[in-house]
Novice: 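To start, I am sharing the structure in question, which I have written as structure tokens.
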Amino acid sequence: MQSQQYVQQRRKLAAAFLAFVFILAAVGTAEAGKKEKPEKKVKKSDCGEWQWSVCVPTSGDCGLGTREGTRTGAECKQTMKTQRCKIPCNWKKQFGAECKYQFQAWGECDLNTALKTRTGSLKRALHNADCQKTVTISKPCGKLTKPKPQAESKKKKKEGKKQEKMLD
């Protein structure tokens, strides 16, 4: 009885071993069957780098538009091409529609000029646009009247109303 069990166990072990060898052979054959791709030849040409113009919106001063690219070279197949682009509508157009700045808080009001200013540093430029590193903007300060204490003004109004009632 034990010899039959022993024989069955050996057969199972042999079958598992053969299956393992078969799987290894199949994987090895699959990898060997793959053709190694030859590396792409690096073409050395006298074509220059693409130089891109600014993005020109299709309509209005922001949104979808196009830009033109040009490059030089005697043997270039393509020396000019057009690319789609987008100018975000919430960017400050004052400094170029392709330049985005991070601004500081508004400064104190200059009483001589009645303007307050703040500085912005370049955060991002689209498509290698020519942007200034820092920019400064100004705006009018607003009303420069001295605030009156509220308690006094309310008392004066009440007193004025009381006097009017007494006169009536």
Side-chain angles (χ1 to χ4, degrees), residues 23-161 164:
I23 290 172
L24 282 177
V27 170
T29 305
E31 287 181 6
K34 289 182 183 177
K35 292 182 181 178
E36 291 185 22
K37 293 181 181 178
E39 292 184 26
K40 291 182 179 179
K41 294 180 182 177
V42 178
K43 292 183 180 179
K44 291 186 179 180
S45 66
D46 17 325
C47 294
E49 292 289 320
W50 285 103
Q51 300 295 318
W52 295 98
S53 66
V54 294
C55 186
V56 178
T58 306
S59 63
D61 61 351
C62 63
L64 295 176
T66 56
R67 73 174 68 248
E68 288 187 357
T70 58
R71 67 178 176 177
T72 57
E75 296 182 22
C76 292
K77 290 181 181 177
Q78 189 176 18
T79 57
M80 212 170 161
K81 66 181 176 180
T82 303
Q83 183 183 61
R84 284 191 268 172
C85 58
K86 181 179 179 182
I87 297 176
C89 291
N90 61 345
W91 285 23
K92 303 277 184 205
K93 313 293 184 302
Q94 182 178 357
F95 308 112
E98 297 179 332
C99 307
K100 186 159 179 91
Y101 294 91
Q102 179 72 43
F103 286 94
Q104 301 171 346
W106 286 103
E108 293 294 320
C109 184
D110 182 1
L111 297 176
N112 296 331
T113 60
L115 295 173
K116 54 185 173 180
T117 60
R118 68 178 178 172
T119 306
S121 56
L122 183 64
K123 185 176 179 182
R124 197 168 101 188
L126 292 179
H127 298 287
N128 301 327
D130 291 330
C131 300
Q132 299 174 29
K133 296 289 181 192
T134 58
V135 292
T136 304
I137 57 172
S138 302
K139 74 174 186 178
C141 295
K143 294 184 180 179
L144 296 175
T145 59
K146 293 182 180 177
K148 296 179 182 177
Q150 290 182 350
E152 291 180 18
S153 63
K154 286 182 181 178
K155 284 182 185 177
K156 288 180 182 177
K157 285 182 184 177
K158 284 184 183 178
E159 288 175 7
K161 286 183 182 180
E164 285 178 13

Novice: Tell me the side-chain hydrogen bond (donor to acceptor under 3.5 Å, both in side chains) pairs involving residues 64-73, sequence neighbours left out?
Specialist: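 Listed once each, the pairs are Arg67-Glu98.
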Novice: State the CG-SG distance between Leu64 and Cys85, to the nearest 0.5 angstrom.
Specialist: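 SG of Cys85 is found 8.5 Å from CG of Leu64.
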Novice: Quick one: list whatever passes side-chain contact (heavy atoms from CB on, under 4.5 Å) with Lys133, sequence neighbours left out.
Specialist: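 Lys133 satisfies side-chain contact (heavy atoms from CB on, under 4.5 Å) with no other residue.
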Novice: What distance do Ser121 atom OG and Gln104 atom CD have between them, rounded to the nearest 0.5 Å?
Specialist: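 Those atoms lie 7.0 Å apart.
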Novice: What closest approach, in Å, do Trp106 and Lys116 show between heavy atoms, and which atom pair accounts for it?
Specialist: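 For Trp106 versus Lys116, the nearest heavy atoms are CZ3-O, 3.5 Å.
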Novice: Are the side chain of Ser138 and the backbone N or O of Thr117 linked by a donor-acceptor pair below 3.5 Å?
Specialist: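 No, the answer is negative, given that no donor and acceptor are paired below the 3.5 Å cut-off.
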Novice: Could you go step by step and tell me if Arg118 and Thr136 meet the side-chain contact (heavy atoms from CB on, under 4.5 Å) rule?
Specialist: CA-CA 6 Å; Arg118 68 178 178 172; Thr136 304; over 6 Å; no
Novice: For Cys55 and Pro57, work out which heavy atoms get closest and say how close.
Specialist: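 Minimum heavy-atom contact is O-CD, 3.7 Å.
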Novice: Measure from the side-chain N and O atoms of Tyr101 to the backbone N and O of Thr119, and report whether any donor-acceptor pair falls under 3.5 Å.
Specialist: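 No; judged by distance alone, with no hydrogens or angles, the pair does not exist.
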Novice: To the closest 0.5 Å, what do you measure between CD (Gln102) and CG (Leu122)?
Specialist: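 Here the interatomic distance stands at 11.0 Å.
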Novice: Go through the steps for Lys81 and Trp52 under the test side-chain contact (heavy atoms from CB on, under 4.5 Å), then give the verdict.
Specialist: CA-CA 9 Å; Lys81 66 181 176 180; Trp52 295 98; 3.7 Å; yes
Novice: To the closest 0.5 Å, what do you measure between SG (Cys62) and NZ (Lys86)?
Specialist: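 So the gap between those two atoms works out to 9.0 Å.
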Novice: State which residues pass side-chain hydrogen bond (donor to acceptor under 3.5 Å, both in side chains) with Thr113; sequence neighbours excluded, sorted by chain then number.
Specialist: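 Here the qualifying residues are Asp110.
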Novice: What heavy-atom pair brings Trp50 and Gln78 nearest, and what distance separates the two atoms?
Specialist: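 Smallest interatomic distance, heavy atoms only, reads CH2-O, 3.7 Å.
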